[in-house]
Novice: 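First, the structure itself, so that you have it in front of you.
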Amino acid sequence: MYHFRSLIMQKVTKEHIEKLTDYLWEIPTSFRKDMLVPARILASEQILDDIIEDRSLNQLVNVATLPGIRKASLVMPDVHEGYGFPIGGVAATSYPDGAISPGGIGYDINCGVRLLTSSLKMKDIKEDLEALGKELYAKIPSGMGKGGQIRVFSEQMDEVLHRGAEWGVKQGYGHKDDLAYIESKGRLAWADPSCVSQMAKNRGTDQLGTIGSGNHFVEVDVVEEIYDNESAKAYGLHKNQIVVMIHTGSRGLGHQVATDYIRIMINAMQKYGIKLPDRELACVPFNSEEGQNYFKAMCAAANYAWCNRQIISWEVRNAWETLFGKEKGQLRLMYDVAHNIAKVEDHVINGKNERVIVHRKGATRAFGPNFEELPDAYIAVGQPVIIPGSMGTCSYVLAGTTKSYDITFGSCCHGAGRRLSRTAAKKQVNAPVLKEQLRERGIFIEAGSFKGIAEEAPIAYKDVNSVVDTVNISGIAKKVAKIKPLVVVKG
DNA sequence: ATGTTC
């Protein structure tokens with residue numbers, strides 16, 4: 001495939017991009033001979049100009065060569081460079097023989113976000129923010145490689161992998177009612193613990209109920225603005241309300257599953273005659289033995305992540321009760337979304353219903369109204385989508401729309417999106433100074449390391465407002481509420 | 001993201 005090589009080196013520039021609408025751009029298949037479908041970018045012109053120098057658009061083009069890819073390779077406005085596939089990417093492949101690729105899901109399988117709502121208002125906790133930060137930091141284990149008190153071995157681990165959040169609830173870490181408010185009810189039924197290596201299980205033994213490091217956090221926020229009264233009411237959100245956001249994934253266990261299967265797939269690819277422009281896109285047919293084993297292991301790791309966020313919610317609820325008492329200490333689960341996962345879903349392509357394997361990497365599901373999985377209270381307004389911004393800025397709650405099915409296979413962005421690498425951020429940011437500046441603005445950070453603060457500084461991220469405006473105006477999700485951080489707990 | 005660079 002030598003004649004492809006020079007083409008593969010060709011960088012995407014603005015001249016290669018066609019404008020479809022003010023917020024949708026396309027790199028046509030004529031750009032490179034190995035593209036099977038066009039590559040599409042959901043972005044304002046400003047965001048497009050900001051990412052044009054990035055390697056992520058070339059990664060987007062590479063994804064368009066994935067065997068069995070349907071309709072288009074897509075990126076959301078929070079796109080940035082990732083392992084093989086860009087982060088902020090969506091790729092749907094045909095079921096059952098299209099590709100499944102661990103790089104299209106990410107190392108942190110079922111990294112995701114959940115939001116808990118409280119009955120407290122800003123005035124109730126104004127004086128308690130620092131104490132709350134210390135209490136949460138004490139109750140929730142955080143940091144690189146950190147474990148917690150809970151241990152799960154052999155049969156119990158298999159049950160966690162099998163049952164996800166349901167296992168947590170059964171053990172007393174939460175209410176039965178929580179489950180209805182989790183994407184896929186916190187459990188993917190295809191999970192098979194026997195497809196998860198012993199090494200992965202060992203790494204997961206003591207990491208349930210822990211947040212990890214990097215961009216993972218537990219955050220207390222106040223609802224600053226409501227944009228859509230009907231949806232906000234359905235979700236139980238109102239102005240000045242205190243809420244809690246949890247962002248983490250499957251920790252070492254999911255990372256090991258990804259590592260194990262990327263290695264397996266790199267070796268198995270030749271057998272299936274798959275050639276790709278970048279070995280980081282390693283994939284096999286979904287219905288091959290390796291593909292099925294990965295999918296079952298990925299589902300198991302996703303279940304582990306849901307169980308993890310369930311147990312962290314229990315830890316948060318304990319801290320809440322300690323500070324505010326039983327009556328005022330209630331926290332309700334608003335919703336929990338995955339943003340690194342693959343799902344088998346039915347979508348309409350060229351007017352025909354098709355079953356596809358939707359890879360979402362740094363992208364969330366954003367299904368609209370009348371989706372039967374949704375809890376009764378949400379069915380008329382659509383699935384909640386939770387978009388964490390950076391530490392010192394703000395975050396959003398959105399509602400999925402029917403229009404997202406047409407444009408993005410029912411998907412939306414997952415955050416602000418990085419604009420500086422971790423290394424670049426560390427060079428530019430003085431973490432102790434930043435911590436003090438945020439404190440002066442009423443934001444209390446409890447972090448295990450200054451390194452973590454520097455890497456996650458607001459300057460390291462795109463403007464979440466313009467990212468959210470893009471998805472809102474293009475119609476793939478609707479703005480419901482803006483929330484502002486008060487307390488941040490990090491690794 | 002991750003017991004950080006197969």
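Every chain is numbered from 1, with letters handed out A, B, ... down the list of sequences.
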Novice: Check every strand shown and say whether A:Gly106 touches a base, only sugar-phosphate, or nothing at a heavy-atom separation below 4.0 Å.
Specialist: nothing

Novice: Do any pairs count as a salt bridge (Lys or Arg N to Asp or Glu O under 4.0 Å) and have a residue in residues 276-299 of chain A, sequence neighbours left out, and if so which ones?
Specialist: A:Lys271-A:Glu290

Novice: Quick one: is B:dT2 close enough that its OP1 or OP2 comes under 4.0 Å of any side-chain N or O from A:Ser213?
Specialist: yes

Novice: Should the pair A:Arg332 and A:Tyr181 be classed as cation-pi, given the thresholds of under 6.0 Å to the six-membered ring centre and 45° from the axis?
Specialist: yes

Novice: Between the side chains of A:Arg309 and A:Asp336, is the shortest nitrogen-to-carboxylate-oxygen separation below 4.0 Å, so that they form an ion pair?
Specialist: yes

Novice: Reckon A:Glu280 touches a base, only the sugar-phosphate, or nothing at all at heavy-atom distances under 4.0 Å?
Specialist: nothing

Novice: Check the distance between B:dT2's P and A:Asn110's CG and give it to me in whole angstrom.
Specialist: 13 Å

Novice: Regarding A:Arg251, tell me which of base, sugar-phosphate or nothing describes its non-hydrogen contacts under 4.0 Å with the strands shown.
Specialist: sugar-phosphate

Novice: Can you tell whether the side chains of A:Asp469 and A:Lys479 come within less than 4.0 Å, N to carboxylate O?
Specialist: yes

Novice: Rounded to the Å, how far apart are A:Ile262 CD1 and B:dT5 P?
Specialist: 12 Å

Novice: Just how far, in rounded Å, is P of B:dT2 from CG of A:Asn215?
Specialist: 8 Å

Novice: Can you measure A:Arg360 atom CZ to B:dA1 atom P for me and round it to whole angstrom units?
Specialist: 21 Å

Novice: With nearest nucleotides of DNA chain B determined for A:Lys146 and A:Arg263 from heavy-atom distances, which residue corresponds to the more 5′ nucleotide?
Specialist: A:Lys146

Novice: Just checking A:Gly214: base, sugar-phosphate only, or nothing, at a heavy-atom cut-off of under 4.0 Å?
Specialist: sugar-phosphate

Novice: When the distance from CZ of A:Phe217 to C1' of B:dA1 is rounded to whole Å, what number comes out?
Specialist: 14 Å

Novice: Round to a whole Å and report the spacing from CD1 of A:Ile266 to P of B:dC6.
Specialist: 13 Å

Novice: Once you apply a heavy-atom cut-off of 4.0 Å, does A:Glu455 come out as touching a base, just sugar-phosphate, or nothing?
Specialist: nothing

Novice: So which one's nearest nucleotide on DNA chain B is more toward 5', A:Glu456 or A:Lys451?
Specialist: A:Glu456

Novice: Can you name the residues that form a ring pair (Phe, Tyr, Trp, His ring centres under 6.0 Å) with A:Tyr137, not counting sequence neighbours?
Specialist: none

Novice: How many Å lie between CG on A:Asp108 and C1' on B:dA1, as a whole number?
Specialist: 5 Å

Novice: Nearest-Å distance, NE2 (A:His216) to P (B:dT4)?
Specialist: 16 Å

